[in-house]
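See below for the structure under consideration.
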Number of protein chains: 2
Amino acid sequence: MRTRLTERQNQVYEYIRSYVRKHSKPPTLKEIGRGLAIRSTNGVHKLVAALEKKGYITKTPNEARGIALVDTDPDAYAFDEGPPSLPLISRTRSDAPERLRLRPAGFLYTDPRLLDRTDPDECLIARAGDDGMNGDGIRKGDFLVVEETDWQGLRNGTLVAVLFDETLVVRRFDHANGRLHFRPADRTYNEEAFAPDSPDCYVVGRVRAVMRKL
Amino acid sequence: MRTRLTERQNQVYEYIRSYVRKHSKPPTLKEIGRGLAIRSTNGVHKLVAALEKKGYITKTPNEARGIALVDTDPDAYAFDEGPPSLPLISRTRSDAPERLRLRPAGFLYTDPRLLDRTDPDECLIARAGDDGMNGDGIRKGDFLVVEETDWQGLRNGTLVAVLFDETLVVRRFDHANGRLHFRPADRTYNEEAFAPDSPDCYVVGRVRAVMRKL
DNA sequence: CCCGAAAGTGAAAATATATTCACCAAGCCC
DNA sequence: GGGCTTGGTGAATATATTTTCACTTTCGGG
């Protein structure tokens, strides 16, 4: 299993992934620097070297745009012809949550017992976008069964799937002092707080189950 | 409608397309030259400029791997939920014809009247890979309804879908002097002939219909 | 308090890649 | 026969990109 990434390393990784999807080619070090406000290509170079060392990417030495993502086969979880199952959502921004189910990236068959008597029509599958909940045994890449709910219906302390801008993560939810708080379960990640109407975060719903490929 | 390509230009275009699919990034001019036995990067540069001028690709000036294909959205003909229809075959090599139906790129609904009483289970959809049959009103990108048949069952003069290595094209078929002949209907393309057991060509079958998006 | 890891800065050097220049050959059309 | 288009050659130039070097700051753990 791959060593987990720091928050900044994860940002670099997600930037690369997003760039590849958008431009159909990997970014240069300079472009990564521009995208993440890093002025020195050496700073980017070090972060990228860390991603390679940890097995998240590969690099072709001395080649322009020589970064390649590992495990990028989108067909790995493509639609099979078994019974209908839950939609695996594609990348969505926190300010456009209506697009969550618009074009699923695929579907994942889910044993109904994992749904804990919730309505399957109200559930969807998302993937955890970081290691912020490592302390709770949830890792980057895990499949999450999420029951869509408004944050008003959540008790404090509930595990939620939340979109921070374009990254979907799991956090423990609290509503206090007129703000929404999201606590990670890992000391290298920071708690974040938002005004309830902020476009920078969107609570997708309650995490009902986790599935992981080993 | 885009101006049609010469044979060599089409080879460059198909090389780029194949490279993008295989490497998840566009090739450099040097790589294209290596792939098509062109020693001078200027020779490649000219061919690539022609593709851009004719609207098949775009180029970002002075940028490494700055070639981008136009109209590469694979979802344009993705599976819809209408009745089952014919499989749209993915790229296949002439020496591995058993892979033709292995992983269809999609499906295309086909009016049964286009099949001319042939068994739909024996038909598939392919896309014409060049403009070699322009004289017969068949153009690169056209959808072909192909009835899979062995070449022995074909009359001379039949329109066939044939794989030349990794490129699928339409040609008029003749069997003469112990060889298979494939005649284009365009003066800038060459007739080709193969021994019947050559791995460099494979006759997919008889072209039953053509469909085109305008 | 010190050390190591992580995340940077700025600059220089090495290498890759795109573009331009001058030229040649073949084929087609007028 | 000449002109134009297409498809090259080899080389030089310009620009992009990666890699390396020497350094600094912050933070966490021992």
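The shown structure was predicted, so the numbers you read here are calculated from the model rather than taken from an experiment. Letters A, B, ... are given to chains in the order of the sequence lines, protein chains preceding strands, and every chain is numbered from 1. These values consider heavy atoms only, across backbone and side chains, with no hydrogens, waters or symmetry-generated copies.
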(request) Give the rounded distance in Å between these two atoms: CD1 of A:Ile67 and P of D:dT17. (result) 12 Å
(request) Would you confirm whether A:Ser94, through its side chain, and A:Phe164, through its main-chain N or O, come within 3.5 Å as a donor-acceptor pair? (result) no
(request) Ignoring hydrogens and angles, tell me if any N or O in the side chain of B:Arg172 forms a donor-acceptor pair with the backbone of B:Gly157 under 3.5 Å. (result) yes
(request) Mind calculating the distance between CG (B:Asn10) and P (D:dT6) to the nearest angstrom? (result) 15 Å
(message) Would you say that A:Ser24 contacts B:Lys25 through its side chain, given a criterion of any heavy-atom pair below 4.5 Å between the two side chains?
(response) no
(message) With heavy-atom distances below 4.5 Å as the criterion, would you say the side chains of A:Asp150 and A:Val203 are in contact?
(response) no
(message) If you compare all heavy atoms of B:Asn156 against all heavy atoms of B:Asp174, which two are closest, and at what distance to 0.1 Å?
(response) CB-OD1, 3.2 Å
(message) Is there a side-chain contact between A:Leu51 and A:Gln9 in this structure, where contact means two heavy atoms from C-beta onward sitting under 4.5 Å apart?
(response) yes
(message) Rounding to an integer number of Å, can you tell me how far B:Leu5 CG sits from D:dT5 P?
(response) 18 Å
(request) Establish, with yes or no, whether the OP1 or OP2 oxygen of C:dT19 is under 4.0 angstrom from a side-chain nitrogen or oxygen of B:His45. (result) yes
(message) Expressed as a whole number of angstroms, how long is the span from A:Lys30:NZ to C:dG10:P?
(response) 14 Å
(message) Is it the case that the base of D:dG8 and the side chain of B:Ser40 share a donor-acceptor contact (distance under 3.5 Å, atom types as modelled)?
(response) no
(request) Send over the distance from A:Ile57 CD1 to D:dT18 P, rounded to a whole Å. (result) 11 Å
(request) Look at the side chain of B:Asn62 and the base of C:dT19, then say whether one donor and one acceptor between them are separated by less than 3.5 Å. (result) no
(request) Specify the closest pair of heavy atoms between B:Tyr13 and B:Val70, including all atoms of both residues, with the distance to one decimal. (result) OH-O, 4.2 Å
(request) Take the protein atom CD1 of B:Ile32 and the nucleotide atom P of D:dG8, then report the distance between them rounded to whole Å. (result) 12 Å
(request) Please state whether the rings of A:Trp151 and A:Phe173 are parallel, tilted or perpendicular, taking 30° and 60° as the class boundaries. (result) tilted
(request) Output yes when at least one side-chain N/O atom of A:Arg39 is less than 4.0 Å from OP1 or OP2 of C:dG10, else no. (result) yes
Show me the protein contacts with nucleotides 4-7 of chain C, counting only N or O atoms at under 3.5 Å.
{"residue": "C:dA7", "atom": "OP1", "partner": "A:Thr6", "partner atom": "OG1", "Å": "2.5"}
{"residue": "C:dA7", "atom": "OP2", "partner": "A:Gln9", "partner atom": "NE2", "Å": "3.0"}
{"residue": "C:dA7", "atom": "N6", "partner": "A:Lys46", "partner atom": "NZ", "Å": "3.3"}

(request) To the nearest Å, give me how far apart CD (B:Glu63) and C1' (D:dT15) are. (result) 12 Å
(request) Rounded off to whole Å, could you give me the CG-to-C1' distance for the B:Leu29 and C:dT20 pair? (result) 13 Å
(request) Would you mind telling me which residue lines up with the more 5' stretch of DNA chain D, B:Pro61 or B:Leu36, judged by nearest nucleotide? (result) B:Leu36
(request) Assign A:Thr28 to base, sugar-phosphate, or nothing according to its heavy-atom contacts below 4.0 angstrom with the strands shown. (result) sugar-phosphate
(request) Starting at CD1 of B:Ile16, measure out to CD1 of B:Ile57 and round the result to the nearest 0.5 Å. (result) 5.0 Å
Might you list the N or O atoms of the protein lying below 3.5 Å from N or O atoms in nucleotides 26-30 of chain D, with each pair's distance?
{"residue": "D:dG29", "atom": "OP1", "partner": "A:Arg187", "partner atom": "NH2", "Å": "2.5"}

(message) Ignoring hydrogens and geometry beyond distance, is the side chain of A:Asn42 in donor-acceptor contact with the base of D:dT19 at under 3.5 Å?
(response) no
(request) Only one of B:Lys140, B:Arg8, B:Arg21, B:Arg127 passes salt bridge (Lys or Arg N to Asp or Glu O under 4.0 Å) with B:Glu14; say which it is. (result) B:Lys140
